[in-house]
Every structure is written in structure tokens, then in C-alpha cells.
Amino acid sequence: MTEEALWTTFLNACLINNFVLAYFLGICPFLGVSGKLATASRMGGAVIFVMLVSSVCAYGINLGLNAIDAPYLRLISFIAVIASTVQLVEMFIKKVSPALFRTLGIFLPLITTNCAILGLALFQTNKGYGFIQCVVYALGAGAGFTLALVLIAGLREKLELAAVPDVVKGTAMTLILAGILSIMFMGFGGLGG
Amino acid sequence: MSFSENPTSGTDEFIKGLWRENPVFVQVLGMCPVLAVSNTARNALAMGLATMFVLVMSNLVVSSVRRWIPKQVRIATFILIIATFVTVVDYVIAAISLELYRALGAFISLIVVNCVILGRAEAFASKNTIGRSVLDGLGMGVGFVFALLCLGAVREIFGSGTLFGVQLFHDGFQGWVMMILPSGGFFTLAAWLLFFNWLKKRKEAREVTPKLELVGQAKRGVA
């Protein structure tokens, strides 16, 4: 496994096949938490961490399940691991930064039902990545998710000041923005090897 | 438990998911599969039916064991129940049609984290009787299928000029490639939401005007 391959994996997960804008994973927090720039970047940080931990765990679980020849338990074990990781992060943040805990509020437990994280665990298994590649893939996916979230939050903050017709306000506007961003991200397609 | 004694009828539990509380257009839940697999009407229908099955079955099981689940571990229990049925669906679809299984890809497994299902388990099935929960699951499921079909049909017609694989236009039709690509999903959903917002606004405006007319008539009557 060369260094270049790892870099491609990262770019692939982060820009070319961005989890939010190309795979439609994690749309719920994308629509829900993207109102403010500060909240969005913190949410992104939490998601990167959960992704890293659950990616490593998923790699281990997959090895174990293949060893005992029980792949049908994969989904259930993955989701159990993700749920407990989220619980861990929640306790950690509550202890370290109560202010951040209050800002994130309801969205922390919602990371459990963030499809980006389960999607990551499933994709890395399907692609048969090795350990290092899994970690890089998780980092790339997390960075891509954070990038998309921060971009849209910045745009939405600007839009607060704009005169938008009544009918378009809210989710519809965010979706149109996301569509335009998604077209822009297609431009990264040429980067992939 | 006081929730289950409310006077709404069984049909109402079913109907509300179709329109008034439609999971996609009104509650804006479960967006990921809606956007991802709605590039053709056929994929959309298959995904909708799979989700509906999981929704009904998980509502059934959750409401039947709701008395024995301690409050602290309820979410974890719900997710495990849902994951079980999703594994079933995953293997069933692979057995029925391998082509469909490849088209839907990881999104079948991702039904586990569809917020509609967990949302209904938490908000409805854990507080209501088995019969009502199944009706609620059916209603929400049909509403979800309806929403997916709305998106899938529009994207397939514009993107490849077909509907359920049947050609609609003459041979020279150039597909609008963007509708098949991810951005098309965002735009189509935005357009549907706009349409429903507009309908709602118009209805509200209509409800206000007759009242004003009534007031006017009353005044005239007095005079």
C-alpha cells in the first residue's frame, strides 16, 4: 500500500464522493444543525471523532464475525457499537465542556441515527479496506462531512439577511443550496485516480 | 398510557401518515434514502416497500413489548429490533432480485438509521396498543412510498425519459443528466417542498377570506 493510494482514499471520501453531497448520507443533521456556523463546526468535530472510533471498531468486529462465520450479525453489531460510542462521546463532552454539551443538545444522541456513520462502517467493509486505509477513509469522510456542513452553514447565515420569498424559506431553500453545492463538488471528479 | 385513550379512530391513525403528517413532505424525516435511491421510479418503489415492511413490523414488536422495556435502554432496544427486521429485508431482496439489490446497495442496510422508523417507534408505538401501532406504521409507510414515488417518477421522466422503464417520449429525447445525478435529487425534493408550501399558503389564505366575507355579511345583515 503506497502513500499515494492513501492520499487518494482520503480525497475520494472527502471531496469526490463527499458523503453528504454525493452519497446523501447524514442529511438529517445536515438540514438540522446547519443554521449557525459555530454549532456546525462543533457538530463536525463530534462526527469526525465518532467516525474514527466506530470505523476502528467496525474493522475489528468484521474480522471477528468473519472468523466465526456469522456475517448476518454484522448490521446489528455495527449499530450497537455506534450507539455506545455516541454515548461515550456524550459523557466525555459533558465532563470536559458543559457549554458545548448544551449547544449540541439533542443532536449528540442523534449522531446514532446519522447514516453517514453506519454508511462508513458498511462501505469500508464492502470495499475490503485494510486497517490504515479504514482510518484514513474515516478521516476523509469526517472531513468531507464537516466541510459540507460548514459551507452550508456559512451560506445560510448570509441568507438570513437576504430578502427571500416566503414560500421558499426553510428546508426548501437549504435543499436548493445543497443542490448547487453538489454540482460544484462534481467538479472535483477529475481529481480521482 | 393516557395517550391510547384519545378519541381518534383507527382510520384516522392510518390517514394521517398519508397527507397531514406525511413523513417526508411535512415532517422532513428520513431524507437520506429518499434522495439517494429515487433516481428511478422502480428503485424508489422497492425502497419504499422495504421501509414500509420494517416500519410495520418494528411498530408491531415495539408496541407488544413496550411494557417490559425499561425506559433507560428503550432506544437501544428499538434499534436492535429494527436492525433485526432490516437484516431480514436485506436477505429477502438479495434472494428476489440481485439486480435490484445491487442498485439499492448499502441503502437497504441503512434503513436501520432511517429516522422515520425510530421516530415512530419512540413517538407512537411505545405508547399505543398493537392495533393502532400497526395502522400507524401502515399509514406512515404508504405516505413514505408516496413521497418516494413522487421524487422517483419526476427524476426518471426528466432524467431518462422513461417511467418504470417504459419509454415516454420519441427516440430523439435527450435525457436531462442532472436529474439522475445527486444534485437532481436535492432540486426535485426542493421543488416538491415548494409546491406543498405553496398549497398550504393558498389554503390558509382561503380560510382567512371566507371568514372576512362572513363578517361582512353579518355587518350588512345588521345594517
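So you know, we letter chains A, B, ... as the sequences are listed, proteins then strands, and number each from 1.
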Residues, nucleotides or ligands: over 12 heavy atoms within 6.0 Å of A/K94 NZ
no
More than 12 heavy atoms of other residues, nucleotides or ligands under 6.0 Å from NZ of B/K201: is that the case?
yes
Among B/L35, B/I82, B/N197, B/L194, residue most engaged with chain A (heavy-atom pairs, under 4.5 Å):
B/L35
Distance-only donor-acceptor check, side chains B/T162 and B/E156, under 3.5 Å:
yes
With no hydrogens and no angle check, do the side chains of B/R120 and B/N59 hold a donor and an acceptor under 3.5 Å apart?
no
Looking at A/N126, A/V20, A/T174, A/L21, which has the largest count of heavy-atom pairs under 4.5 Å with chain B?
A/L21
Applying side-chain hydrogen bond (donor to acceptor under 3.5 Å, both in side chains), can you list everything that pairs with B/R74, at least two apart in sequence or on another chain?
B/E122
Partners meeting side-chain hydrogen bond (donor to acceptor under 3.5 Å, both in side chains) with B/S58 (sequence neighbours left out)
none
Anything under 30° is parallel, anything over 60° is perpendicular, the rest tilted; go ahead and classify B/F195 against B/W192.
perpendicular
Segment of [X] engaging chain B (4.5 angstrom heavy-atom cut-off):
X      : result
A/Y23  : backbone
A/M186 : side chain
A/L177 : neither
A/L122 : side chain
A/L73  : neither

Neighbours of chain A found in residues 180-188 of chain B - heavy atoms under 4.5 Å:
B/L181, B/P182, B/S183, B/F186, B/F187
Residues 85-106 of chain B vs chain A, non-hydrogen distance cutoff under 4.5 Å, contacting residues -> B/V86, B/T87, B/Y91, B/A106
Honestly, the part of B/A36 sitting under 4.5 Å from a heavy atom of chain A is both
Answer yes or no: is there a donor N or O on one side and an acceptor on the other, between the side chain of [X] and the main chain of [Y], under 3.5 Å?
X      : Y      : value
B/D136 : B/R132 : no
B/R42  : B/F164 : no
A/N18  : A/C14  : yes

Quick check, are the ring centers of B/F196 and B/F25 under 6.0 angstrom apart?
yes
A/V81: which of A/V53, A/I61, A/V56, A/V86 passes side chain to side chain contact (heavy atoms under 4.5 Å, CB included)
A/I61
Kindly confirm or rule out a cation-pi arrangement of B/R66 over B/W68, judged by NZ or CZ under 6.0 Å from the six-membered ring centre and within 45° of its axis?
no
